[in-house]
Each structure stands twice: as C-alpha cells, then as structure tokens.
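Reading through the structure tokens given below for one structure.
Residue numbering restarts at 1 for every chain, and letters A, B, ... go by the order of the sequence lines.
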Amino acid sequence: MEIKEEIRRSIERALKKIKVKKYPEILLERPQEREHGDFSTNIAFFLAKELRKTPQEIAKRLAEDIRPDPEIIEKVEETKGFINFFLTEESLFKNLIQILKREKDYGRSELGKGERIQIEMVSVNPTGPLHVGHGRGAAFADTLANILEAVGYQVEREYYINDIGTQMENLGKSLRARYLELLGEEVEFPEYGYQGEYLVKIARRLKDREGNKHRKEKIEFFTQYAHSDIIEGIKRALKDFGIGIDSWKKESDLRKKGKVEESLKNLKKKGYLYEKEGALWFRSSQLGDEKDRVIKKKDGSLTYLASDIAYHEDKFKRGFDHLINIWGADHHGYVERLRAAMSALGHPKESLDIILYQLVKLSRSGRPVAMSTRKGEFITLREVMDEVGRDVLRFFFCMRSSYSHLDFDLELAKKESPENPVYYVEYAHARISSIFKKAKERKRKRRKIQKIDLKLLHTPEEKNILRLLILFPDIVASCVQNYQVHSIPNYLRELASEFHTFYNRHRVLSEDEGLTQARLALVEGVGIVLRNGLRLLGIAAPEKM
RNA sequence: GCGCCUGUAGCUCAGUAUGGAUAGAGCAUCGGAUUUCUAAUCCGACGGUCGCAGGUUCGAAUCCUGCCGGGCGCGCCA
C-alpha cells in the first residue's frame, strides 16, 4: 500500500542519514492504542545492540530525522522506543475517495502478478455425502481462493476424485446389499460396507426406476451407480454452498493414461524405489518422512500414495506456478510422504503448500453430536446448510484460524441475536442501504465526490471509521501471506461495530446539506468495504433485514 | 509408545510467522440508552498465575527444554 511504502521509505532515508546500513525488514504495525498513532515500527529495538544505545535514544533520534510526505503523515513521535506515525486527515479523505472511485476493486491488487495457482479442495471420496467437516474445508479453501484472485493470482479450483480401489468396491457391495434387501432377498451386509442411510435411499431410487432387473448385476454396476449418484449429490451441495469447482480430476483417468506407471518410472530412475518382501517401496525416509512407504503391494496393486504422486506430478506438468492443497487434519500423516515424493521428482519444496484445517466439533446447545462416516452417523453439509443458512455457515467456518479445532453449535448459529456475528455485519450493511433508500425518497442524492467537503467529517466516530477503512487492502494482503482467512470476518465485525457506534451517535441525513453529503460519502465507503469483504467470504450483503 | 494440531477471561476465540508499549474481541452476567436514517443497535461495569515448571533475552502469550490436559493420525486400508 502506498502509505506504508512512503513511511517505509522515509525510515530508510533516516537510517541512511545516521549511517545504519544493515537492518531487518521494516515492519509497520497497527498499534493497539489510538494515542500511539496509526502505524508504528519497532526498528529501534533491533538497532540497539549494534549502535550501543538504548532503543529510546535511537528512536528519538530517528523520529527527528524521519520526514515522510507531510501530506500523508502529520506527526512522527517516539514513545518508549517505538516510532509512531500519525496520518493526516487529508490521507484519510484521499483513501475514502479511492474507495468510492474503485468500488468493487477497493482491496484488490496486483501482488500475484498473474501467476497461476491451483487449489486442490474438498476431494472427498465419493463414498458418501459431504459432512459438516468437509464444509469447513470447502468454505475455507474457496475463501482463500477468492482472496488469491483478488490480489492478482490466476486461480483454479480442483476436486480430485478417488474413484477406484477397495473403497469403491465396498461401496458397490453395500449398494448391492441394500438393493437386494429391498427386493426381499436375504443378504449379508458386507463387512466393510457403508451403513449410512443414504445408500438405502440410492437403492430405493434404483428400484423405483428400474425395478428388479439388476438383481444379477455385477458389483461394478452398483459401484458405478452409487458413485455417480453420490458425486452428483456432492456437486449439488457444493453449488448450493456457493462453491464453484473449475476442474474435476478422476484418479481412474490418471491410471488409464498411464500416468502412475510414468511417475513410478521417474522415481525409479532417480533411485528412490526398491523391492522388499515382494513389494515396491519408496525411500521417503531419506527425504524427511519417518519411514519408507509401500508403493506397489505384494499382490501387484498400487497404493493410494502411488496415485497421489502421479496426480501431483501431473498438476506440475499442467504448468501451475504454485500448488496449494487444503486437507483435513486427519490426513496430516500423508503430508511428509507426498512432499518427499515431490522433492524426489525435483519439484522445489516451496511450490507445494499443504494447508490443514482442523475438524469441526459439532454440538447442539452445548451437547456434542457424534459423527462416524462408516456407520453413517454424521450430519451432512446439506442438513446444516438447510438448518442455519448458507451465509451463516460460511461465515462461521471462516471466522477461526484453520488450525483451531472449531466448535460449532447449531443452536447458536441459528440464533438471530447478538451472539451471531454474521447478522451483526449484515445488519450494518442493511442499515447503510436503508439510509440511501431514505435519501432517495427524500430526493437527496450524493453529489460528486469532488463537490463534497470531507473536512466536515471530524468526530472521533467518523475518524475511527476512516482509519479502519484504510486498513482493508492490508488485511486482504496479510491473508495471502499466511494462508489464513479469519482476519476478514474479524475485520468486518470491527468495521460494522465502528459503523453501529457512529450510527447511534450521529445522523447521516440532516438539515445540514454539507454534512449530509460528507456523511453519505462516508457510509457509502463503509458499504463498499463491507460488500467487498463479504464477497470474499462468498456471502451476500443484504439490502434489508 | 511415536508424530501433527491445540491449551489465553465463566464460554467461543484473536494475538504466536518477524519476541517489544498497561494481553484484546464477541458471548454470558450486571447497570443504563430509543419522539430520529432499521434496537438484529449503542454506552458502561465486571472478568486474566496467557496449562505447569525451567531456560534464552534488556524484554516471552510468542523462542528452547521437560511435564500435564484435549483433538487427530500412526496398515502391503482408502
């Protein structure tokens, strides 16, 4: 952001003046206390040792020497070794003008320089519907993808389907058993079968449509039938959750095209494969994994890892500059072996990031809700979406760091009360819309921004809002830096809070035409930022509530 | 047993990447605010040995070591 850049440059000039050549990256933070200004740096602490002076002395000296553009920074001040910067009114107003001018684009940037990033998300095995936990991963991944797009990356969202293997066979066996059951035959349910109610429903659909003519059908038929039914359900659920997948990649296609054998050949050529006890092993322990892994089993069949290696190599071949995988934390054991394989194949470590999200602990009014996929005891994404609403769910899922174990209380999420931060943010937006609606009714229109005297915005509440608005692009950028998204909801709540405070103390539409105009510009700015933030989260900004 | 994540106010969590100012929110509780553009709002109060114990440092919620609690994972399953 240009303001931060200007401050940074002014610090560098001052450092040069006192002949400091080596210094760490200059960090500008937002101080907790208003009296400490808008930005502050702790650079003096880092220089203390080398210069053999106290941080206070250094900071004091620097504060005198730092001369940023007086149109942007009104005051530079030293306190307790920190150097604090105070923005001018003028820069706050300029930023508001920027917001009104750029509208949807405020917060967007070109940081990503058009690089191509692929995000692999959800990738849930097609053996059953998506459950709530998967929803968290989906919401998180989609939001991160939105943010990456906003800062100028070209993003592709991909879902990888494990459509072959033992699990699919078990799925087919399970459906067959359910189907035959419906036809009144005695059948034993397969040992590793999927017991969920959804398979009974699929069996019923099959029977209703086609009667008993599939009684003698092979397992493959049932596998195929269950698979496509479930995948269609997953696709619908994601669509209704507001998530668009650009590419669906099937494991079976990789196999058909010989990609797996090709990858194994590559690994072999580089000396990372060996045979032991009739199986083929990958020497992953040499590359950071805790032990070697089997790639091809004694019976000649390939492991999950074999496909995964081929899959990721294929992604690289498709020309992405960077790969991101969003995985549930229950897969963390696979991170190292996959990374090992990628470095064995010569792909730089930095080009693949695997971000884990912790599982969702679902409860209802404080009581935990049990979940187990195989037994079929779980709450689906669909059910929760229907119960609490798509937007609430997406907000809650993105509100916390992906590393924290999310506590999700169904009753709490449903409440339309102050306990629910989603409505709080949405309400701020609805109030703003309402102001404009009212203004229109009274035939009052916001003038062109050049004709508005923003200097009339001088109350603490107005200033607080302006100061917050200026941070938005930085917040978005920081999400990219640490691959987290929760600062967006947190920021939106803070902005909504500042707005509500302002709203309660001051009127926008008043007899004073000049002030009305200035305030209309201000709240329009808030509305734009709220909308932009909510859009990143995939949430609608309501005009009224 | 080993590995990953996690432990901050009564509850749910920010803050930990890059150590820095009196540790921040929301909810809950208590008290107050509405003739006004939406009270799904606002204002105030209460509330903390940052799991415990050491260490490094001028300075530790943040880094290191050990221990304790919670979640997840540890197959020639997928």
Show the distances under 3.5 angstrom between N or O atoms of the protein and N or O atoms of nucleotides 43-45 of chain B.
from	atom 1	to	atom 2	distance (Å)
B:C43	OP1	A:T501	OG1	3.0

Report each atom pair, protein N/O against N/O of nucleotides 50-52 of chain B, whose distance is under 3.5 angstrom.
none

Which atoms of nucleotides 12-20 of chain B (N or O only) lie under 3.5 Å from a protein N or O atom, and what are those distances?
from	atom 1	to	atom 2	distance (Å)
B:U12	O3'	A:D407	OD2	3.3
B:U12	O2'	A:R400	NH2	3.4
B:C13	OP1	A:H405	O	2.8
B:C13	OP1	A:D407	N	3.2
B:C13	OP1	A:D407	OD2	3.2
B:C13	O2'	A:R400	NH1	2.4
B:A14	OP1	A:S401	N	3.1
B:A14	OP1	A:S404	OG	3.3
B:A14	O3'	A:H486	NE2	3.4
B:G15	OP1	A:H486	NE2	3.0

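A search for side chain to side chain contact (heavy atoms under 4.5 Å, CB included) contacts involving A:R507 returns A:R442, not counting sequence neighbours. By the side chain to side chain contact (heavy atoms under 4.5 Å, CB included) test, A:P460 pairs with no residue at all, sequence neighbours left out. With sequence neighbours excluded, no residue forms a salt bridge (Lys or Arg N to Asp or Glu O under 4.0 Å) with A:K544. Listed by chain and residue number, A:Y424, A:Y427 satisfy the ring pair (Phe, Tyr, Trp, His ring centres under 6.0 Å) test with A:H500 (two or more places apart in sequence, or in another chain). Residues that satisfy the salt bridge (Lys or Arg N to Asp or Glu O under 4.0 Å) test with A:E513, not counting sequence neighbours, are A:R444, A:R447. Qualifying side chain to side chain contact (heavy atoms under 4.5 Å, CB included) partners for A:K53, counting only residues two or more places apart in sequence or in other chains: A:E57, A:I58. Scanning for side chain to side chain contact (heavy atoms under 4.5 Å, CB included) contacts around A:A540 gives A:D391, with sequence neighbours left out. Applying the ring pair (Phe, Tyr, Trp, His ring centres under 6.0 Å) test to A:F282 and every residue at least two apart in sequence or in another chain returns nothing.
Distances were taken from every side-chain heavy atom of A:R442 (C-beta onward) to each of B:C37, B:A21, B:A39; the shortest belongs to B:C37. Minimum atom distance to the side chain of A:E33 is reached by B:G24, of the listed B:A39, B:G24, B:C76. Among the nucleotides B:A21, B:U41, B:G26, the one closest to the side chain of A:Y427 is B:U41. Which of B:C76, B:U41, B:A21 sits closest to the side chain of A:P31 comes down to B:A21. In this structure, the nucleotide among B:C72, B:A39, B:U22 sitting nearest to the side chain of A:H332 is B:C72.
What separates CD1 of A:I354 from P of B:C4 is a distance of 15 Å, to the nearest Å. Rounded to an integer number of Å, the gap from CG of A:L492 to C1' of B:A25 is 15 Å. In this structure, A:L273 atom CG and B:C76 atom C1' are separated by 15 Å, rounded to whole Å. Atom pair A:L47:CG and B:C58:P shows a separation of 17 Å (rounding to whole Å applied). B:C37 atom C1' lies 7 Å from atom NZ of A:K438, rounded to whole Å. Across the protein-nucleic acid pair, A:K80 atom NZ and B:C58 atom C1' stand 15 Å apart, rounded to whole Å. Computed from coordinates, the A:R34 CZ to B:U22 C1' distance equals 17 Å when rounded to whole Å. Whole-Å rounding puts the A:F396 CZ to B:C27 P distance at 12 Å.
Salt-bridge annotation for A:R446 and A:E524: present, with a side-chain N of the basic residue lying under 4.0 Å from a carboxylate O of the acidic one. Ion pairing between a basic and an acidic side chain is recognised when a charged N comes within 4.0 Å of a carboxylate O; A:K249 and A:D253 show no such pairing. A:R30 and A:D38 are not joined by a salt bridge, as no carboxylate oxygen comes within less than 4.0 angstrom of a charged side-chain nitrogen.
The 5' end of RNA chain B is approached more closely, in terms of each residue's nearest nucleotide, by A:R431 than by the other of A:A279 and A:R431. Between A:S40 and A:T166, the residue whose closest nucleotide on RNA chain B is further toward the 5' end is A:S40.
No more than 12 heavy atoms of other residues, nucleotides or ligands lie within 6.0 Å of NZ in A:K437, so this atom counts as exposed by the packing criterion.
Using a 30° and 60° split on the angle between ring planes, A:F396 and A:F408 fall in the perpendicular class, above 60°.
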Query - side chain to side chain donor-acceptor pair (under 3.5 Å) evaluation trace for A:D292 with A:Y274 - result: CA-CA 10 Å; A:D292 291 349; A:Y274 65 94; 2.6 Å; yes
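Between the P atoms of B:U12 and B:G70, the separation comes to 15 Å (whole Å).
Judged by distance alone, the side chains of A:S307 and A:E251 do bring a donor and an acceptor atom under 3.5 Å apart.
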**Report entry** Base-pairing string, 5' to 3', of RNA chain B - Watson-Crick or wobble, under 3.5 Å, | interstrand
**Finding:** (((((((..((((......[...)))).(((((.......))))).....(((((..]....))))))))))))....
